[in-house]
Amino acid sequence: MTAAAPLLPFLPFAAPEIGDEEIAEVVDTLKTGWVTTGPKARRFEADFAAFLGEPSLHCIAVNSATAGLHLALEALGIGPGDEVITTTHTFTATAEVVRYLGADVKLVDIDPATLNIDPALVERAITPATKAIIPVHYGGLAADMPALLAIARRHGLKVVEDAAHALPTTSAGRLVGTLDSDATVFSFYANKTITTGEGGMLVTRDAALAQRAKVMRLHGMSRDAFDRFTATVPSWYYEVIAPGFKYNLTDIAAALGIHQLKKAERFQQRRAAIAERYAEAFAALPLTPAPMAPAGERHAWHLYPVQLADDAGLSRERFIEKLFELGIGCSVHYIPLHQQPYWRDRYALKAEDFPHSQRAYERMASLPIYSRMSDADVERVIAGVRAVLGA
Ligand SMILES: *Cc1c(COP(=O)(O)O)cnc(C)c1O
C-alpha cells in the first residue's frame, strides 16, 4: 500500500494554545516600548511564586530551561572534577549543562514502571566525586523525590530538578517547585505545558543561590557593591563580578507567560482527561499505556508515551509511519543519551548497561496530548492506534 494523503487535516504531535489575552499582553508590551526584561518579567516571576503557593520562593525568569539548569549548577559551584548523576532517558539539555561547567555526567537507568530515574541505581553510581543529582520528572510524572532527597541527604549531594515537563505536578501532595531540593527548573519551550515561545523559570528557596543566579543571568553584573557605601545607587552604576551569561527573559515572552500561567490548571485538566480516555481505550490493545500518577497525585501530562507489546505485530518505526499516513503526528521521547554519539563515546556507554531505558526506547511512541485537541481529535488518535494495531 502506498502512503495516501490523509483525509483530514494533519493532527500535529504538539501545538500551543495561545489566546487573545496573550496576544493583547504582547501588543501592550510592544506599545509601552519596554521590550526586554522589565516589569512584565518581574510580574511573571511574582505570579509564578504565587502559582506554586509560596510567595517567598525566589523565581528567576530565564530565556530557556537549559539556561536555568546551567545557572543553578553554576551557583552550586559544580565544576571540573565533579560528577553529576542523571537519567539516560532524557533530553540532552539535562546533561549538557554539566559539561558546560567542565564537570562529568554519570547516566543511570530508569525504573521501567515509571520511566523515571531509579533511585537504587543513583545510590550505586555515587563516587567521592559526585556532587549533585538531576532528577527529571519524565513526561510530567514526578520522579521518586522522597527516595532521591533521602539519598542526597545521606551523601551530602545537591539536587536540581529538571521540571521541564512538570507544571503542574505533585510529589507526596506538594507541587514540584516547592520540594526540598536545591533548585527546580521549568521550561516554557513551544511544546511544553505552558509556553513563552522560548523561556524557563529557575525556582529556589536558597537566597544565596538566587542571588548568584540573578547576577550570572545578566553578564555577571551586580549593583550590590554600591549599596554598602550609599543608600541610593545611581541607575548607571554596576560592577562586573564574573564572566556571566545572557540568559534573561524578555518582557515580550513574559507577556505570554503571565496569561499562559493563568490557564495552566485548565490546560492540565484537559490533558489529564485525554490521558484517562487513552488509558481506557488502550486497555485491551497490545501496548503499555503511559504510567499513571499514584492516587491523589497530579501528573502534568506533558507526554503520553505508549510502548508496543512484543506481540503488537509491527515495529515502533512502522507504528509511527502508519499513524503519520493517517494524518496523526507522533514523536519519540527520547533517544536515550547512552545512544547519542557524544555521550556514548565520551563515557564508552553500552546499551546493555541501560536495559530498561533501551527496551522502552525501542518500543515507545509519544501520542498527541495537548489542550487544543478536541474530543474528535482524541477519538481520531484512538481509532488510528486501533487500526494500526489491527484491533
Ligand atoms: C525541553 C526540555 C529541556 C530544555 O528546555 P528549554 O527551555 O528548551 O531549554 C530540558 N529538559 C527536558 C527534559 C526537556 O524536555
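In what follows, residues are counted from 1 in the order of the sequence shown. Since this is a predicted model, take the numbers as computed values, not measurements.
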Quick one: closest heavy-atom pair of Lys40 and Ile258, and the distance?
O-CD1, 3.6 Å
Cluster link Val160 to Val122, ILVMFWY, side chain under 4.5 Å:
no
Counting neighbours of CG on Asp20 that are heavy atoms of other residues, nucleotides or ligands and sit closer than 6.0 Å, is the number greater than 12?
no
Pairs meeting criterion salt bridge (Lys or Arg N to Asp or Glu O under 4.0 Å) with involvement of residues 165-187, two or more places apart
Arg174-Asp180, Asp180-Arg205
Main-chain N/O of Gly173 paired to Glu297 side chain as donor or acceptor, under 3.5 Å:
yes
Just checking, any donor-acceptor pair under 3.5 angstrom between side chains of Ser357 and Asp109?
no
Leu349 and Tyr342: same hydrophobic cluster, using ILVMFWY side-chain contacts below 4.5 Å?
yes
Any chance the rings of Phe188 and Phe48 have centres within less than 6.0 Å?
yes
Distance-only donor-acceptor check, side chains Thr184 and Glu161, under 3.5 Å:
yes
Going through the distances and angles, do His70 and Phe245 end up as a ring pair (Phe, Tyr, Trp, His ring centres under 6.0 Å)?
CA-CA 10 Å; His70 185 195; Phe245 311 107; 4.4 Å; yes
Mark yes or no for whether Asn63, through its side chain, and Leu249, through its backbone, hold a donor-acceptor pair below 3.5 Å.
no
Any idea how His165 and Tyr334 line up, ring-wise: parallel (<30°), tilted (30 to 60°), or perpendicular (>60°)?
parallel
Return yes if a side-chain donor-acceptor contact under 3.5 Å exists between Asn191 and Tyr370, otherwise no.
no
Shared hydrophobic cluster, Ile133 / Tyr347 (ILVMFWY, side-chain heavy atoms < 4.5 Å):
no
Identify the heavy atoms of Thr86 and Ile117 that sit nearest to each other, and give their distance.
C-CD1, 3.5 Å
salt_bridge(Arg270, Glu17) N-O dist < 4.0 Å
no
Does Phe91 form a ring pair (Phe, Tyr, Trp, His ring centres under 6.0 Å) with His333? I'd like the steps, not just the answer.
CA-CA 8 Å; Phe91 184 56; His333 296 90; 9.0 Å; no
Salt bridge present between Arg318 and Glu321 (N-O < 4.0 angstrom)
yes
Crowding at CD1, Ile335 (>12 non-hydrogen neighbours, <6.0 Å):
no
